[in-house]
Amino acid sequence: MSMGKNYFEILKERGFLKQCTDEEAVTGLLQAGPVSAYIGFDPTARSLHAGTLVPIMALVHLERAGHTPIAVVGGGTGLIGDPSGKTEQRQLLSREDLRLNFDAIRAQLGKFLDFAGGKSLAVDNAEWIEPLNYVAFLRDIGRHFSVNKMLSYEAYKQRMEKGLSFVEFNYQLLQAYDFLQLYQRHGCRLQMGGDDQWGNIVAGTDLIRRVEGGQAHGLTFPLLATATGEKMGKTAKGAVWLDADMMSPYDYFQYWLNVDDRDVSRFLGLFTVLPMEEVRSLSALQGAKVRAAKQALAFEATRLCHGEDAARKARDGALAAFSGEGCLDDMPTTTCDRGEFESGVRVNELFVRVGLVSSKGQAAKLFAGGGAFVGERRIKDHNEMVTLADFLEGEAMLKAGKKQRHRLILRG
RNA sequence: GGCGAGAUUCCCGAGUGGCCAAAGGGAGCAGACUGUAAAUCUGCCGGGCUACGCCCUACGGUGGUUCGAAUCCACCUCUCGCCA
């Protein structure tokens, strides 16, 4: 089979690479033919969020390069909880919760990767971790680990201050064991992950060498923060979820459109599959033109997560709401009975009903700040009424701040 | 197991009997300026409501002292440090 550009080069030029066990060896491995490589995903929530998008995209590129991605959703390790980079002990999840999370996350990854067609694999490490026998594990696997060495890792040092339970201390052994299992079962030779996973990844390559005498490799991605120093994927309303029920494609699109200018270039490389020539030319845009780059970023990111149709709708809706182009039907819209506006409807109730604010109290704060509009009319008081006079040809635009808009349509 | 220190709102961090929904900073939201950007300045910033007032919930947990407790007492839980 013919391979295009080396996957390693792709990672490098798109900004995915932080550390690698052996650049030359990995390049060679990838050059030689299709390779299985894996990344572990934490099943601690019902949905993945924008913070886990970097590893997901790394697998997307891997699949596109003709290799075989393996997504390990840690049903087994999830029972323990990775202490890396955490300052406090993780809450342990029940098996049932993990099961539900696992199914949801696998379905979500399935939007990015081709599990159905067999180009990518999704596996649950509970398969080999749950049956483990303690004594056998200690004897066969545990003997390869040096406590002295583990204690010297930066990942554990932090926790040495705060306290680290024995359960968590064992996490690294299990992740290394995952790698070993994947090496044996699927010939997996490469593990990738966030840079906080470095220690765990290297532990896996060591274990494979000791147990199998085999050579495996690891590489890590930089841990992303936005230009303002925030963790990726957080907004006022919470995480930027990849699940359409938890965050609509329209809002997802808006999230990417509103990123800081300084992040656009980097994000285009990481979160789209646009060719690098295009990424570079978009990144070169200056001033107000940066918005064109953001449009591309938002569209591509939304397309990958929610599909072409949803992305188009999100874009058209956003255009309609903010620039008068696009299609009004694709922006958030609520249809109301004409009758209720004859006598008038209280603004605060209206804003709550269409979901622009979460409660009347929130509405009151918005009004006090001067951030609410019905059409061109600024709302200052929660007792104001919205009547037929506020509608133009049966429609009215509600605004909450500069970035949230909602369309009302009269019926009857 | 012993001794010492500690647990405050999304995060950091003040607060030692009423003036405490709790200083200050960060984050966030809103306004002005802009490009649905940044920086800057201004306002908001536990929640709800029949809203210039009322009602819930909150300073690790439980109980107590008091007219009144984040603040005092007792016990418990967890964390950190030293010792075993």
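Each chain gets a letter, A, B and so on, in the order the sequences are listed, and its residues count up from 1. Hydrogens, waters and symmetry mates are skipped; everything else that's a heavy atom, side chains included, is used.
Here A/Asp261 pairs with A/Lys294 in a salt bridge; the nearest charged N to carboxylate O distance falls below 4.0 Å. For the pair A/Glu340 and A/Arg353, the salt-bridge criterion is met [side-chain N within less than 4.0 Å of a carboxylate O]. Between A/Arg209 and A/Asp206 a salt bridge is recorded (basic side-chain N to carboxylate O distance below 4.0 Å). Ionic pairing of A/Asp124 and A/Arg99 is present here: one or more N-O contacts between side-chain nitrogen and carboxylate oxygen are shorter than 4.0 angstrom.
For an aromatic pair to be called close, the ring centres must be under 6.0 Å apart, and A/His406 with A/Phe351 fails this. Taking the six-membered ring where the residue is Trp, the centroids of A/Tyr252 and A/His306 are separated by under 6.0 Å.
Across B/rA38, B/rA37, B/rG47, the shortest atom-to-atom separation from the side chain of A/Lys403 is found for B/rA37. Residue A/Lys365 has its side chain nearest to B/rC44 when only B/rA38, B/rC44, B/rU36 are considered. Minimum atom distance to the side chain of A/Val290 is reached by B/rG35, of the listed B/rA51, B/rU36, B/rG35. Checked against B/rG48, B/rA51, B/rA30, the side chain of A/Leu366 finds its nearest nucleotide in B/rA30. Comparing B/rA51, B/rA38, B/rU36 by their closest approach to the side chain of A/Asp260 singles out B/rA38. Taking only side-chain atoms of A/Ala288, from C-beta outward, the nucleotide of B/rG48, B/rG35, B/rA51 with the closest atom is B/rG35.
Counting to the nearest Å, the P atom of B/rA51 and the CD atom of A/Glu349 are 11 Å from each other. Distance CD (A/Gln286) to C1' (B/rA38): 13 Å, rounded to an integer number of Å. The separation between A/Asp263 atom CG and B/rU36 atom P is 18 Å, rounded to whole Å. Between the CD atom of A/Glu325 and the P atom of B/rU36 there is a distance of 12 Å, given to the nearest Å. The distance from atom CZ of A/Arg405 to atom P of B/rU36 is 9 Å, rounded to the nearest whole Å. Spacing between atom CG of A/Asn383 and atom C1' of B/rC49 amounts to 13 Å, rounded to whole angstrom units. One atom, NE2 of A/His382, and another, P of B/rA30, lie 21 Å apart when rounded to the nearest Å. Per the geometry, CG belonging to A/Asn258 stands 10 Å off P belonging to B/rA30, to the nearest Å.
Across all strands shown, A/Ala372 has no heavy atoms under 4.0 Å from either base or sugar-phosphate atoms. Within 4.0 Å of A/Lys360, counting heavy atoms only, lies at least one base atom of the nucleic acid.
Of the side-chain N and O atoms in A/Arg378, one or more sit less than 4.0 angstrom from OP1 or OP2 of B/rA32. Listed pair A/Arg291 / B/rU36 meets the phosphate criterion, a side-chain N or O lying under 4.0 Å from OP1 or OP2. Between A/Lys294 and B/rA38 there is no side-chain polar atom (N or O) within less than 4.0 angstrom of OP1 or OP2. Residue A/Gln362 places at least one side-chain N or O closer than 4.0 Å to OP1 or OP2 of B/rG47.
The P atoms of B/rG13 and B/rG6 are separated by 14 Å, rounded to the nearest whole Å. The same atom, P, is picked in B/rG31 and in B/rC80; the two are 45 Å apart, to the nearest Å. Distance noted for atom P between B/rG4 and B/rU9: 27 Å (whole Å). As rounded to the nearest Å, B/rA38 and B/rA51 have P atoms that lie 37 Å from one another.
Regarding the sugar-base torsion, B/rC54 falls in the anti class, its angle being beyond 90° of 0. Using a 90° window around 0 for the glycosidic torsion, B/rA51 falls inside it and is classed as syn.
For A/Lys402 against B/rU34, a side-chain-to-base donor-acceptor contact under 3.5 Å is present.
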